Amino acid sequence: MPNQEKLRQQLLQLDGRGYKAYRDIEGSYEFSDFTLIVDRTQGDPFAAPSHFRVKVAGEIAAFPPQLYQTKSRAIALRDYLTRQFDLYARSIGKRRGTGNSGLIGITRIGQEVLERTSVLIDDEFVEVRFVVGLPAGGRRILGHQAVEMLCEQIPQIVDRTLKYYHLDANKIQHHVEVVEDADWIRQQLTERGLVAFIPNGAILPRRSGVDDQPLPNEAVAFQSPKSLQVEFNCPNQGLITGMGVPTGVTLIVGGGYHGKSTLLRAIELGVYNHIPNDGRELVVTHPAAVKIRAEDGRNIVGVDISPFINHLPQGKSTTNFSTTNASGSTSQAANIIEALEADAKVLLVDEDTAATNFMIRDRRMQALIAKDKEPITPFIDKVKQLYADCNVSTILVMGGSGDYFEVADTVIAMQNFQPEDVTAKAKTIAQQYTYSRTPEGGEKFGQITPRIPLPESIDPSYRQKQVRLKVRDVDEMVFGTEDIDLSAVEQIVDTAQSRAIAAAMVYAVRKYIDGKRTLAEILALVMADIEFQGLDILTPFPQCDLAIFRQFELAAAINRLRSLSVR
Ligand code: ADP
Ligand code: MG
């Protein structure tokens, strides 16, 4: 294998040549204490930057094995190292010419700790993937600048961020322990009869709608009401006390601006782990909890929404419902059925983003518009059956309708950002103001009809290209000739997740979507492959910017593909 000196000479020789000549450096180089691998060089200084890897031998990186021996810990350590690399690379980075020249980047990373492809670790190696904007003046290679980046900066970054003795041992230990505790609590939820847990002292509000860091000064720390308080004896941090949200139907009520949506949002994101000091690092939610909302305008393909919607005008089918432009209520019904199809166990609904006519139909409206003139069976008449028949719990923010007191198992009132258990009060009120609304939900929830996606309807190609995928932002995906709008899929939190989802759709089409398997089977197969073989199976060569997602988000992307057809 050529060494560092060889790379240096090669880069100096390339100085002044056309940019495409950078291709000559693709390959592996032996540096004094790591291997540098150039997987793909870019063809142009303005194109997506080049893909690099570094492999440091285990004995040189010298991380104590206890930091990566369990899956939780390994994911946390990898996350920690990704953040260190990112911080350090930013601190020494500078522009070195046109386009992306000078960039050394790993992946954009937020408050969540997700399994990622940016850093891998085992006893043999620490491997880091990153991108480099190879330097150019105009479209000519800047060889000296390239030498500085590849032969000086990269070794410096490796030295400072991938060697244990240069890092803060206490911080790393804390990082892996917090993540491990969060995973541990999440695993305990089901046997404790809970769907979510919010510890005392948690800081739920965020700095702003576009800044996911904790609100710094005026945040009111979360404190559980006594009656809902539960304890977990965590492996690392010992006794943690907080509010357990029980299975069944839970209502979050309270005046406007009292913190209801903030609580629900924290629960939504509790399917993921968060970094220490996030404020939500021990807020954990059942891993199969899915946010449900109305999403008018979305495409729906062949969904059996008959548990909620029947006899539409013009005899339109609701057992095999398709539309290119859903209404608020039909989109919310489809979002629920699709989540159940992917095996959701908890539904999370916020009145702020729900369709009112899907949520309630009160007594007066029942009197005015007869049942046979109203296609919608409101959620209120189905929510108990969902739990009784399908074992699916619901957490619902509902400040505007007391009708739900009838069907709730637990009622939590948010007052001045603090929860209070008002279940008994709500039940008394429900009896006091008796209520002769007619239940419209029938005997049973109804069935989930499986769908079989057709392979030719999921086509990632574009003109001569076999695969064209682009992810501009978390919620903007280009798949072949189509734009997929993921803006209503609120549990996708990271562009790296969207990238991985796009790649997983291609993987699914190539491997499992055969016109015979159901969508649920396909999702399970893809997720199992990723679990056992890692996210790298999704891409033709190693990448730094894929992050784990759940089957629900993969299903959401497939379901929003406008070309989709199903049997
Ligand atoms: P609601 O859904 O009840 O109308 P929100 O959850 O939207 O209320 O919260 C209203 C505002 O209060 C938001 O700006 C939010 O950031 C802030 N907020 C929420 N929880 C807290 C808290 N615990 N401490 C301080 N501010 C909070
Ligand atoms: Mg709200």
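Treat the numbers as computed from the prediction; the structure is a model and nothing was measured. All ligand and atom numbering here is 1-based and tracks the order in the structure.
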>> Do Phe552 and Glu338 make a side-chain contact, defined as non-hydrogen atoms from C-beta onward lying under 4.5 Å apart?
In response: no
The residue among Arg499, Gln111, Arg108, Arg116 that forms side chain to side chain donor-acceptor pair (under 3.5 Å) with Asp494 is Arg116
Among Thr262, Ile203, Asp350, closest by heavy atom to atom 9 (O) of ligand 1 is Thr262
Here the atoms of ligand 1 under 4.0 Å from any heavy atom belonging to Gly255 are 3 (O)
Task: Geometric N/O contact Gly256 with ligand 1, under 3.5 angstrom - done: no
*asked:* Atom CZ of residue position Arg562 - does it have more than 12 heavy atoms of other residues, nucleotides or ligands inside 6.0 Å?
replied: yes
Atoms of ligand 1 under 4.0 Å from any heavy atom of Ala219, numbered from 1 in the order shown, are 24 (N), 25 (C)
- Item | Within 45° cone of Phe197 ring axis and under 6.0 Å: Arg186 NZ or CZ | no
For Glu218, the ligand 1 atoms with a heavy-atom partner under 4.0 Å come out as 25 (C)
Q) Thinking salt bridges, do Glu476 and Lys470 make one under a 4.0 Å N-O criterion? A) no
Atom 3 (O) of ligand 1 sits nearest the protein heavy atom Lys260 NZ, 2.8 Å
In terms of its nearest heavy atom to atom 14 (O) of ligand 1, the top option of Phe417, Phe222, Tyr257 is Tyr257
Query raised in the report: So is there a nitrogen or oxygen of Ser261 less than 3.5 Å from a nitrogen or oxygen in ligand 1?
Result: yes
| Below 4.0 Å from any atom of ligand 1, is there a heavy atom belonging to Gly254? | no
Quiz prompt | is_close_aromatic(Phe445, Tyr387), centroid dist under 6.0 Å | solution = no
Closest to atom 23 (N) of ligand 1 among protein heavy atoms sits Val220 O, 2.9 Å
Worksheet item: Can you find an N or O of Gly259 that's nearer than 3.5 Å to an N or O of ligand 1?
Response: yes
Looking only at side-chain N and O atoms, does Asn325 offer a donor or acceptor that is under 3.5 Å from a partner on Arg298? no
Note: OD2(Asp352)-the Mg ion (ligand 2)-OG(Ser261) angle, rounded to 10 degrees, equals 80°
* Say whether His258, considering both its backbone and side-chain N or O atoms, lies within less than 3.5 Å of an N or O atom on ligand 1. => yes
Here the gap from His175 atom NE2 to Arg83 atom CZ, rounded to the nearest 0.5 Å, amounts to 5.5 Å
